[in-house]
Amino acid sequence: MHNARMSHSRQVLSERAACFVQAYAKINLTLEVLKRRADGYHTLSTVMQTVDLYDTLFLFTLDEDEVRITCSRPELGNEENLAVRAARLLRARYAVRQGVEIELHKRIPVAAGLGGGSSDAAAVLRALSQLWQLPVTPGDLGEMAASLGSDVPFFLTGGLALCEGRGEIVTPLAPGWLSSMRWLLLLKPAIEVSTVSIFRRVAARDYTDGAASRAVVAALQAGSEPRAEDLHNGLERTVLELHPEVARARADLLAAGCPVVRLSGSGPTLYAPFATLSRAGMVQESMQAQGYEVYLSRAIYPDMGPVNVMYK
Ligand code: C5P
């Protein structure tokens, strides 16, 4: 049995292997900034949740020694793309001689606080280590993910998790979605926000001690509703002050009847949870009529098992 599998894998290595993989977005239920570190990063305590808005990647191994990308948003189809950097990192780390062609269908808004680029990178690490049949351990994957960006490790497991340290220390949590948060509206104001510019402006008065994240984790694990004030984002004050478009969108969501509106990550995307589809749908229509980009979404627990490899 073992030998049969070995010879099979040797045989398929000479063929071209391909797969489709979905890379989901996230929202931050909490994002607490605890302090500034000596290296310029901040110590965080953040509860992240995967949502069912996703990019699709098609990965196709090449005999040539190349990493190529084309993207549905052509301005993102370059060497800087985190998906390309993830592929290059794997190649270098495991001295891979094969290359890969990446097609990236972008749906997650860019520079929006939804983790799209990080999720694409995690999807490439996960899928390509399977296509190239690399002896990668979960620890290796986590380490490579953290070197690509603070929230890339979260996307290796996804679902619901408490993320600490720079964001790279991920503690997965049992699914704990509540009736008040069955549906999520994601509203993306028509601006892009640079994470670096927001973290640079965060001040000591925005620092908290992690109690809100602990309270939200405790509530979710107990199956009870988190208190709205515990859904705290320490970057929100800075983003609302710096970007009036986000403050206006927030006011418009509240005026349309959202019980709770919060910033995701460093924004500008705002999310609003709803207990019923009808209510979420009404607010979505009203916001779209005002010209806003709005997604009706929900929490999701993606399958992180083996990818479905096709051979040619
Ligand atoms: O890790 P990543 O490259 O995604 O972070 C982007 C920027 O966000 C960092 O350069 C830093 O300015 C800021 N950041 C931070 N503290 C974190 C994560 C990110 O200050 N924990």
Side-chain angles (χ1 to χ4, degrees), residues 23-50 55 76 78-90 104 106 108-126 141-158 161-171 191-214 216-217 232-243 246 262-269:
Y24 288 89
K26 57 82 180 163
I27 59 168
N28 300 77
L29 295 182
T30 66
L31 198 174
E32 289 190 84
V33 183
L34 307 192
K35 61 178 185 201
R36 193 183 144 82
R37 308 193 329 185
D39 63 4
Y41 280 92
H42 293 79
T43 305
L44 306 180
S45 177
T46 173
V47 178
M48 304 221 267
Q49 170 71 59
T50 308
D55 294 339
L76 303 177
N78 58 53
E79 291 295 302
E80 295 303 303
N81 194 298
L82 268 183
V84 173
R85 289 173 48 201
R88 292 206 181 286
L89 179 61
L90 265 184
L104 171 56
K106 213 57 210 160
I108 306 171
V110 174
L114 296 170
S118 299
S119 187
D120 295 341
V124 167
L125 288 180
R126 217 168 56 79
L141 269 186
E143 192 201 307
M144 285 186 283
S147 78
L148 290 165
S150 302
D151 58 5
V152 180
F154 163 75
F155 289 104
L156 291 174
T157 45
L162 173 68
C163 302
E164 296 170 294
R166 198 156 59 80
E168 85 284 21
I169 305 169
V170 180
T171 307
I191 56 166
E192 293 188 356
V193 168
S194 136
T195 303
V196 180
S197 74
I198 299 304
F199 271 107
R200 202 179 291 142
R201 287 178 172 82
V202 166
R205 66 176 152 142
D206 299 308
Y207 298 171
T208 50
D209 64 0
S213 297
R214 284 193 293 276
V216 167
V217 169
H232 175 79
N233 183 333
L235 305 178
E236 196 167 306
R237 182 196 64 79
T238 306
V239 173
L240 294 178
E241 272 180 24
L242 198 63
H243 297 290
V246 183
R262 290 291 180 272
L263 188 75
S264 182
S266 55
T269 302

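Both ligands and their constituent atoms are indexed starting at 1 by order of listing. Fair warning: this is a prediction, and the values are worked out from it, not measured in the lab.
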### Message
In this structure, does ligand 1 have an atom that sits under 4.0 Å from one of the heavy atoms of Gly40?
### Response
yes

### Summary
Across all chains, not counting sequence neighbours, the side-chain hydrogen bond (donor to acceptor under 3.5 Å, both in side chains) partners of Arg88 are Glu79

### Query
In chain order, what residues pass the side-chain hydrogen bond (donor to acceptor under 3.5 Å, both in side chains) check against Thr208, with sequence neighbours excluded?
Glu32

### Query
Where is the nearest protein heavy atom to atom 7 (C) of ligand 1: which residue, which atom, and how far?
Val196 CG2, 3.8 Å

### Task
Quick one: look up the protein heavy atom nearest atom 13 (C) of ligand 1 and list residue, atom name and how far away it is.
Phe199 CD1, 3.3 Å

Short list, please: which atoms of ligand 1 are under 4.0 Å from a heavy atom of [X]?
{"X": "Gly149", "result": "1 (O), 4 (O)"}
{"X": "His42", "result": "15 (C), 16 (N), 17 (C), 20 (O), 21 (N)"}
{"X": "Leu44", "result": "21 (N)"}

## Note on the structure
Which of Leu31, Asp151, Leu34 passes side chain to side chain contact (heavy atoms under 4.5 Å, CB included) with Leu44? It is Leu31

### Task
Let me know which of Asn28, Leu162, Leu29 forms a side chain to side chain contact (heavy atoms under 4.5 Å, CB included) with Thr46.
Asn28

### Task
Kindly compute the distance separating CE (Met48) from OG (Ser213), expressed to the nearest 0.5 Å.
11.0 Å

### Query
So how far is it from Leu82 CG to Asp120 CG, rounded to the nearest 0.5 Å?
8.0 Å

Quick one: does [X] get an N or O within less than 3.5 Å of an N or O on ligand 1?
{"X": "Ser150", "result": "yes"}
{"X": "Thr195", "result": "no"}
{"X": "Arg166", "result": "yes"}

### Under 3.5 Å donor-acceptor, Glu236 side chain and Leu263 backbone
yes

### Task
Heavy-atom distances under 4.0 Å are what count here, so tell me which part of Tyr41 touches ligand 1: side chain, backbone, both or neither.
both

